[in-house]
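Here the structure is laid out as structure tokens; the discussion comes afterwards.
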Amino acid sequence: MSIPIDDILVNKDHAPSGPVVSSLREPLVTGGKTVHDVTEDICRQVEGKPTTTWMLGMAISLATLAVGAYCVFILVWEGIGVWGLNKTVGWAWDITNFVWWVGIGHAGTLISAILLLFRQKWRMSINRAAEAMTIFAVICAACFPGLHMGRLWLGFYWALPLPNTFGSLWVNFNSPLLWDVFAISTYFTVSLVFWYIGLIPDFASIRDRAKNNISKAVYGALSFGWDGAAKTWMRYESVALILAGLATPLVLSVHTIVSFDFATSVIPGWHTTIFPPYFVAGAIFSGFAMVLTLMLITRKTFKLEDYITINHIEMMNIIIIVTGSIVGIAYITEFFIAWYSGVDAEQYAFLNRMTGPYWWAYWTMMTCNVISPQLFWFKKIRTNIAATFILSIIVNIGMWFERFVIIVTSLHRDYLPSSWAMFYPTIYDVGVYLFTFGLFFTAFLLFAKFFPVINMAEVKSIIKSSSLKQKK
Amino acid sequence: MEKNKHYVLGVYDDEDVLLSAIEKVRDSGVKIQEVYSPFPVHGIDDALGYKKTRLPIAAFLFGLLGTSLALIMQVSMLGFDWPMIIGGKDFVALPPFVPVTFELTVLLAALGMVGTFMIVSDLKPYKKPRLMDIRITDDKHVMAIDLAGNTLAKEDIKKIVNATGANEVNDKDFED
């Protein structure tokens with residue numbers, strides 16, 4: 001019993017007795033789904049046997065994880081000398097990968113928090129998986145500074161303000177590296193809590209459908225005794241709104257602080273005040289690209305085309321154009337400011353990026369991040385699934401090169417020409433990166449199999465306004 | 001707390017019918033104990049006459065605690081316990097303390113509020129829920145009326161609920 005918006009505009013005296021349905025907006029759930037269909041469609045993969053595609057994906061992820069784990073073992077056993085770092089380039093793949101993964105981890109909480117504050121209902125079909133992606137990406141990111149410490153079992157003493165035998169020489173609260181510890185652990189914790197709160201009602205749905213005792217016990221324990229009471233829903237909505245309010249500045253703060261690692265130094269090419277906004281835009285850019293890569297696969301294999309529609313994909317592609325263009329402007333601004341500052345070292349750092357020995361990395365970055373997302377201006381391309389999938393991967397390749405370019409090209413030509421050097425990765429650089437890929441995809445596949453990949457409760461709440469009208 | 005055992009349940013398919021039903025049932029003098037839904041229904045808290053939750057206040061207070069603890073920690077450690085000269089800055093320089101203070105404010109506000117929510121709503125691992133109807137977590141809205149809290153006879157209550165457009169009117173008896 002939905003009312004077209006025109007009737008309400010004409011007949012203003014009557015309060016609507018049904019939800020307001022816009023005739024302008026595309027429906028968010030297609031296929032005329034009912035509330036019960038949502039439960040059925042989403043619970044199907046949780047309850048069914050794993051598919052062959054899933055098993056194959058899991059086998060590849062576990063194999064990657066195993067190869068990576070061997071490299072991590074050698075790294076911890078021998079020390080970080082097995083990496084290709086040298087005295088000039090003391091930071092390379094490790095921190096590139098760290099920033100890359102943290103950046104990817106920005107989309108999930110952006111979707112669930114910022115889009116909640118902006119009342120963007122299209123977030124509802126994608127927020128669950130995007131938040132899971134965030135959590136796994138942040139874990140992958142945290143591997144790198146942890147492993148870079150060499151003796152990571154002592155890391156707690158170096159990274160946290162714990163009383164210690166140095167008579168307490170405390171951690172340095174003036175250092176951006178320490179701010180990172182607080183920013184990333186807070187971001188991880190708050191994202192995890194936000195994600196779990198959203199999962200509780202859906203775990204209860206699975207619990208109440210469970211046929212076997214193991215599912216009943218596991219989902220029963222996970223659902224925290226949820227009974228769907230109106231009072232609990234009221235508090236739940238209030239908690240979600242405030243968590244969104246808290247997570248919004250948090251998302252922006254995390255990559256800002258990551259950019260401080262570079263911006264507060266005095267290395268030409270790093271010492272730039274534009275870094276915080278430019279890093280945040282880049283993070284959202286790469287995060288959305290990764291969400292698209294994952295969601296396009298999930299949508300296809302789990303047959304969720306009615307929930308993650310072309311409309312959703314187009315929305316995400318529009319965010320990619322916006323953030324990609326911000327990143328492009330930031331690249332050009334950096335160049336202009338380097339010239340305008342009149343500082344020789346700064347000018348050289350940027351010219352060296354473009355034309356020096358790492359020119360190929362620079363131009364890969366420019367092509368992937370500045371040119372390729374502009375293709376989404378064409379509606380045909382941004383609503384095409386194959387094109388979106390390819391471009392989403394290209395964007396993430398570009399974003400990896402962005403961090404590589406910023407980090408390695410700024411370091412490799414030191415103040416003294418006699419110490420100029422190049423960075424060559426060893427198999428352990430590659431192996432540790434592979435380890436995080438294995439970890440990420442293993443975790444994501446486990447999530448996709450055992451957790452509801454779409455927030456059922458939220459999608460059910462928009463069924464009346466955004467799906468049922470289709471049935472007529 | 002002694003648990004009540006005998007309920008009349010009105011089962012609804014549609015959230016808008018439910019909202020008008022809540023008003024009609026309350027107007028006819030029947031006390032509704034609680035309404036159970038598969039998803040949050042907007043306006044249900046007003047219809048049931050619930051007061052606004054005070055969780056935002058809890059979040060604010062926990063946030064304030066986070067701010068204070070973060071500042072006390074940084075000032076006492078770097079300012080007094082083991083002062084270090086770093087880049088010629090003052091021992092107690094507030095600007096570099098801002099990021100950690102911000103993060104701990106957010107962390108404590110979020111964890112404190114969620115913890116409070118869990119406690120007041122009695123959500124905890126392994127808790128066995130007292131489900132009125134197994135379909136609540138699927139697609140049905142259930143209005144639960146506690147017979148012990150109402151003076152009207154069971155049959156009268158059932159008639160009232162039925163007249164509001166309920167898809168089913170059921171009895172529910174708990175053994176424990």
Side-chain angles (χ1 to χ4, degrees), chain A residues 1 17-19 34-36 38-39 161 167-170 172-176 178-179 182-183 186 189-190 193-194 197 200-201 204-205 207-209 220-239 242-243 246-247 249-250 253 257 260 457-458 460-461 464, chain B residues 14-16 20 34-42 44-45 48 50 52-53 55-56 59 63 73-74 77-78 81-82 84 86-87 89 93 96-97 99-100 102-104 106-107 109-111 113-114 117-118 120-132 134-139 142:
Chain A
M1 192 182 46
S17 61
T34 63
V35 173
H36 179 66
V38 177
T39 321
S168 285
L169 176 64
W170 300 108
N172 179 8
F173 288 106
N174 295 298
S175 163
L178 187 78
W179 302 343
F182 281 86
T186 301
T189 314
V190 173
V193 167
F194 203 171
I197 290 283
I200 291 175
S205 296
R207 170 197 70 196
D208 294 344
R209 290 166 51 92
L222 290 173
S223 60
F224 283 21
W226 180 267
D227 60 1
K231 190 141 218 168
T232 316
W233 273 123
M234 180 183 81
R235 292 185 184 125
Y236 169 98
E237 290 231 287
S238 175
V239 165
I242 294 169
L243 276 181
L246 289 169
L250 187 63
S253 82
I257 291 175
F260 286 167
E458 280 199 340
K460 284 173 187 174
S461 73
K464 241 189 120 177
Chain B
D14 188 293
E15 61 264 36
D16 296 304
S20 64
E34 183 58 293
V35 175
Y36 300 87
S37 299
F39 53 84
V41 177
H42 286 274
I44 203 168
D45 40 342
L48 286 166
Y50 287 154
K52 260 188 130 174
T53 167
L55 282 168
M73 174 177 78
Q74 294 175 89
M77 284 177 182
L78 284 200
D81 192 50
W82 192 294
M84 278 189 291
I86 296 153
K89 294 186 195 95
F97 293 170
V100 171
F102 169 76
E103 300 298 337
L104 288 181
V106 169
L107 183 68
L111 291 183
M113 175 184 59
V114 170
F117 166 63
M118 295 284 183
V120 294
S121 303
D122 196 25
L123 293 172
K124 53 187 179 236
Y126 300 104
K127 188 196 154 196
K128 285 254 181 301
R130 220 163 168 244
L131 281 182
M132 292 291 168
I134 197 88
R135 297 166 298 171
I136 286 168
T137 54
D138 181 8
D139 62 346
V142 171

| field | Worked check of side-chain contact (heavy atoms from CB on, under 4.5 Å) between B/F39 and B/V41 | value | CA-CA 6 Å; B/F39 53 84; B/V41 177; 4.2 Å; yes
| query | With side chains defined as the heavy atoms from C-beta onward, is the minimum distance between B/P99 and A/S253 less than 4.5 Å? | reply | no
| field | Side chain to side chain, B/V114 and A/I197, heavy atoms closer than 4.5 Å | value | yes
Please look at [X] and chain A and tell me whether the side chain, the backbone, both or neither of the residue comes under 4.5 angstrom of a heavy atom of that chain.
| X | answer |
| --- | --- |
| B/L48 | side chain |
| B/Q74 | both |
| B/Y50 | side chain |
| B/V142 | neither |
| B/A110 | both |
| B/M132 | neither |
| B/L131 | side chain |
| B/M77 | both |

| task | Say whether, by atom type as modelled, one donor and one acceptor occur between the side chain of A/S205 and the main chain of B/T137 under 3.5 angstrom. | result | yes
| field | Whether A/K231 side chain and B/S121 backbone form a donor-acceptor pair below 3.5 Å | value | no
What residue, out of [options], has the most heavy-atom pairs lying under 4.5 Å from chain B?
| options | value |
| --- | --- |
| A/I257, A/I242, A/I200 | A/I242 |
| A/G220, A/P176, A/A183 | A/A183 |
| A/P161, A/P201, A/A247, A/S223 | A/P161 |
| A/R235, A/M234, A/R209 | A/R235 |
| A/A230, A/S175, A/A457 | A/A230 |

[X] versus chain B, the contacting section by heavy-atom distance below 4.5 Å:
| X | value |
| --- | --- |
| A/R207 | side chain |
| A/L243 | both |
| A/L222 | neither |
| A/F194 | neither |
| A/P249 | both |
| A/S461 | both |
| A/V239 | both |

Quick one: of [options], who has the most non-hydrogen atom pairs under 4.5 Å with chain A?
| options | answer |
| --- | --- |
| B/R135, B/K52, B/M118, B/K128 | B/M118 |
| B/A93, B/P125, B/G63, B/S20 | B/P125 |
| B/V35, B/L123, B/I136 | B/L123 |
| B/T53, B/D45, B/I134 | B/I134 |

| request: Using the side-chain contact (heavy atoms from CB on, under 4.5 Å) rule, take A/T189 and B/L111 through it: C-alpha gap first, then chi angles, then the decisive distance, then the call. | output: CA-CA 9 Å; A/T189 314; B/L111 291 183; 3.9 Å; yes
| said: Please give me the minimum heavy-atom distance between A/W233 and A/G228, naming the atom from each residue. | reply: CD1-O, 3.4 Å
| Shortest non-hydrogen contact from B/F117 to B/L55? | N-CD2, 3.9 Å
Let me confirm one number: the [atom1]-[atom2] distance from [X] to [Y], rounded to the nearest 0.5 Å.
| X | Y | atom1 | atom2 | value |
| --- | --- | --- | --- | --- |
| B/E34 | A/T232 | CD | OG1 | 6.5 Å |
| B/D81 | A/L169 | CG | CG | 10.0 Å |
| A/F224 | B/D122 | CZ | CG | 12.0 Å |

| Would a line drawn from the ring center of A/W179 to the ring center of A/F182 be shorter than 6.0 Å? | no
| field | side-chain contact (heavy atoms from CB on, under 4.5 Å) assessment of A/W170 paired with B/M84 | value | CA-CA 9 Å; A/W170 300 108; B/M84 278 189 291; 5.8 Å; no
| request: Go through the steps to decide whether B/D138 and A/T39 satisfy the test side-chain contact (heavy atoms from CB on, under 4.5 Å), and finish with yes or no. | output: CA-CA 6 Å; B/D138 181 8; A/T39 321; 2.6 Å; yes
